[in-house]
There are 2 protein chains.
Amino acid sequence: MTHSTRQGRRRSPTPDELRAWRGYIETARALDARLTSRLQKESGLSTGDYTVLLALSEADGRRLRSSELADAVGWERSRLSHHLRRMEDRGLVRREECAVDYRGAWVVLTDDGAHAFRSASVPHLRAVRELFVEALDPDQLDQVAALTAALRDRLDASR
Amino acid sequence: MTHSTRQGRRRSPTPDELRAWRGYIETARALDARLTSRLQKESGLSTGDYTVLLALSEADGRRLRSSELADAVGWERSRLSHHLRRMEDRGLVRREECAVDYRGAWVVLTDDGAHAFRSASVPHLRAVRELFVEALDPDQLDQVAALTAALRDRLDASR
DNA sequence: GTCATGTCGTTGACGTGTCAATCATGCGCC
DNA sequence: GGCGCATGATTGACACGTCAACGACATGAC
């Protein structure tokens, strides 16, 4: 497929550029929704649950301080706090007092949480492979990596 | 950048493949969040509002049936209904009875809605250009189009 | 010690998204 | 006309995300 000639810097995106943009963002959203739905059906977990459980599984003693966990998954504290409350209600994690700094708290992976993560992991990775990895050829996978790096650079540069 | 050799079909994604996946989905989410935040600050609209207003602006008589609008923006009816209630509360759209089919309803763009859309449009398109179009070179824009088409095909095929 | 200030984490309010249930109307069929 | 079913749209319940405000503790200056 070819592209329109580029316009001046002040112009609005061309129709082709807008199509690329819409395709990009809508496909990502659709993929995300599908993965979320499969994970939910197969394991009763959300992608947020999965992300948190993965980080805790890899942590020393299967526990992290709340702020460490927030950094590990790249979430805001408030978002994490809300999510942990829901996960704690379902018995996936547990909060414990932190004797070193009484402002803080440990987030501990429970046995139920560890089990849920193990059960979810294989079908989830299979879904990632089926819907993303296998949809692209090796060159395209490299292109994705380059593209996302470029987009992320621009995003970071303009923050 | 090079990629690992591909593994058998049953294997989990390789670390490189997982990195590509995470990069893809997280970059898309970050971009989406940034665009949403800019649109909100500059115009007081959400991306959902913008999508709805765009579809209505282009419609004959600046009005669409609820179901036509749902198709135009690719949303579930329920989602659209919730969103329209909030937009109606803010005076951006109005619902009218449909005399042809009393089950249905017209969704009508109000003058306030049209004005909000016009004000939002230029800064929003500028943001898309700055954060997406200009971050990529022309080849990469073509690659995005091809990539998303491949991903979407796979998504549709496995539905 | 105490006061100001910063950090850790939670909470409430609210916008957003999904799912299942519901309600009313249209429509074909007898 | 009346019955059954499909369709248009809304609703309620709940999960999720952001923002701003807050309470509790830590820390350094004095």
Side-chain angles (χ1 to χ4, degrees), chain A residues 26 28-41 43-52 63-90 92-108, chain B residues 26 28-41 43-52 63-90 92-108:
Chain A
E26 280 162 18
R29 276 199 278 246
L31 243 179
D32 198 16
R34 181 72 65 83
L35 266 287
T36 298
S37 157
R38 279 186 61 157
L39 190 57
Q40 174 67 46
K41 282 196 190 90
S43 321
L45 297 179
S46 69
T47 51
D49 298 335
Y50 187 85
T51 304
V52 167
R63 70 178 52 218
L64 285 172
R65 292 290 300 274
S66 230
S67 50
E68 294 171 332
L69 183 50
D71 287 348
V73 302
W75 289 1
E76 291 186 7
R77 276 139 197 257
S78 143
R79 174 179 176 186
L80 180 62
S81 183
H82 284 304
H83 205 100
L84 289 177
R85 179 179 40 72
R86 291 188 293 262
M87 291 181 74
E88 194 169 20
D89 289 345
R90 290 187 291 145
L92 298 172
V93 300
R94 182 168 22 97
R95 280 159 160 130
E96 283 181 13
E97 232 179 32
C98 173
V100 178
D101 182 341
Y102 279 94
R103 289 171 303 185
W106 289 105
V107 182
V108 188
Chain B
E26 279 161 19
R29 274 198 280 247
L31 244 178
D32 200 14
R34 182 71 65 85
L35 266 287
T36 299
S37 156
R38 280 186 60 156
L39 190 56
Q40 173 68 46
K41 281 194 191 94
S43 321
L45 297 179
S46 69
T47 53
D49 297 336
Y50 187 86
T51 304
V52 167
R63 67 179 53 215
L64 285 172
R65 293 289 301 273
S66 231
S67 51
E68 293 171 334
L69 182 51
D71 288 347
V73 301
W75 289 1
E76 291 187 7
R77 278 141 196 272
S78 144
R79 175 179 175 186
L80 180 61
S81 185
H82 284 303
H83 205 100
L84 289 179
R85 178 177 42 70
R86 293 186 295 260
M87 291 181 74
E88 195 170 18
D89 289 346
R90 291 187 292 146
L92 298 172
V93 299
R94 182 167 22 95
R95 280 157 160 133
E96 284 180 13
E97 230 180 32
C98 173
V100 179
D101 181 341
Y102 279 94
R103 287 172 305 186
W106 289 104
V107 182
V108 187

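Per chain, numbering begins at 1; letters A, B, ... match sequence-line order. Source: prediction; values computed, not measured.
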Point to revise | Distance below 4.0 Å between B/R86 side-chain N/O and C/dT16 OP1 or OP2 | key: yes

**Study point:** Earlier contact from the 5' end, DNA chain C, for A/S37 and A/L84
**Key:** A/L84

Review point. Would you say A/S46 reaches D/dC16's phosphate, i.e. side-chain N/O to OP1/OP2 under 4.0 Å?
Key: yes

Study note, to complete from the structure: CH2 (A/W106) and CG (A/D101) are apart, to the nearest 0.5 Å, by 10.5 Å

Study note, to complete from the structure: Assert: residue with more 5' nearest nucleotide on DNA chain D, out of A/T47 and A/A99, is A/T47

**Study point:** Whole-Å distance separating the CG atom of B/L80 from the P atom of C/dC19
**Key:** 16 Å

Review point. Looking at A/R65, does any N or O in its side chain come under 4.0 Å of the phosphate oxygens OP1/OP2 on C/dG9?
Key: yes

Review point. Between B/M87 (CE) and C/dT16 (P), how many Å, whole number?
Key: 9 Å

Point to revise | Smallest separation among heavy atoms of A/S81 and A/R95, with atom names | key: O-NH2, 3.3 Å

Check your understanding: Rounded to whole angstroms, how far apart are NE2 on B/H83 and P on C/dC14?
Key -> 17 Å

Check your understanding: Distance check: side-chain N/O of A/S67 vs OP1/OP2 of C/dG9, anything under 4.0 Å?
Key -> yes

Point to revise | B/E96 atom CD, neighbour heavy-atom count above 12 within 6.0 Å | key: yes

Exercise for review: Go through the N and O atoms of the side chain of B/H82 and the base of D/dG12, and report whether any donor-acceptor pair is under 3.5 Å.
Suggested key: yes

Point to revise | Interatomic distance where CG belongs to A/D101 and C1' belongs to C/dG9 [whole Å] | key: 10 Å

Review point. Hey, does the side-chain of B/S78 have a donor or acceptor N/O within less than 3.5 Å of a partner on the base of D/dT11?
Key: yes

Check your understanding: Within this structure, what is the CD-to-P distance between B/E76 and D/dT11, rounded to whole angstrom?
Key -> 17 Å

Practice item. In whole angstrom, give the distance that lies between atom CZ of A/R77 and atom P of D/dG23. Key: 19 Å

**Study point:** Length of the CG-C1' vector between B/L69 and D/dT10, whole Å
**Key:** 15 Å

Practice item. Could you check whether A/S66 gets within reach of a base, just the sugar-phosphate, or nothing at all, counting any heavy atom under 4.0 Å? Key: sugar-phosphate

Exercise for review: Check every strand shown and say whether B/R95 touches a base, only sugar-phosphate, or nothing at a heavy-atom separation below 4.0 Å.
Suggested key: sugar-phosphate

**Study point:** Separation of D/dC14 C1' from A/D89 CG (nearest whole Å)
**Key:** 13 Å

Check your understanding: What are the two closest heavy atoms between B/L84 and B/S66, and how far apart are they?
Key -> CD1-OG, 4.0 Å

Review point. Do NZ/NE/NH1/NH2 and the carboxylate oxygens of B/D49 and B/R90 come within less than 4.0 Å?
Key: yes

Point to revise | Phosphate-side-chain proximity, B/R103 and D/dT10, N/O vs OP1/OP2 below 4.0 Å | key: no

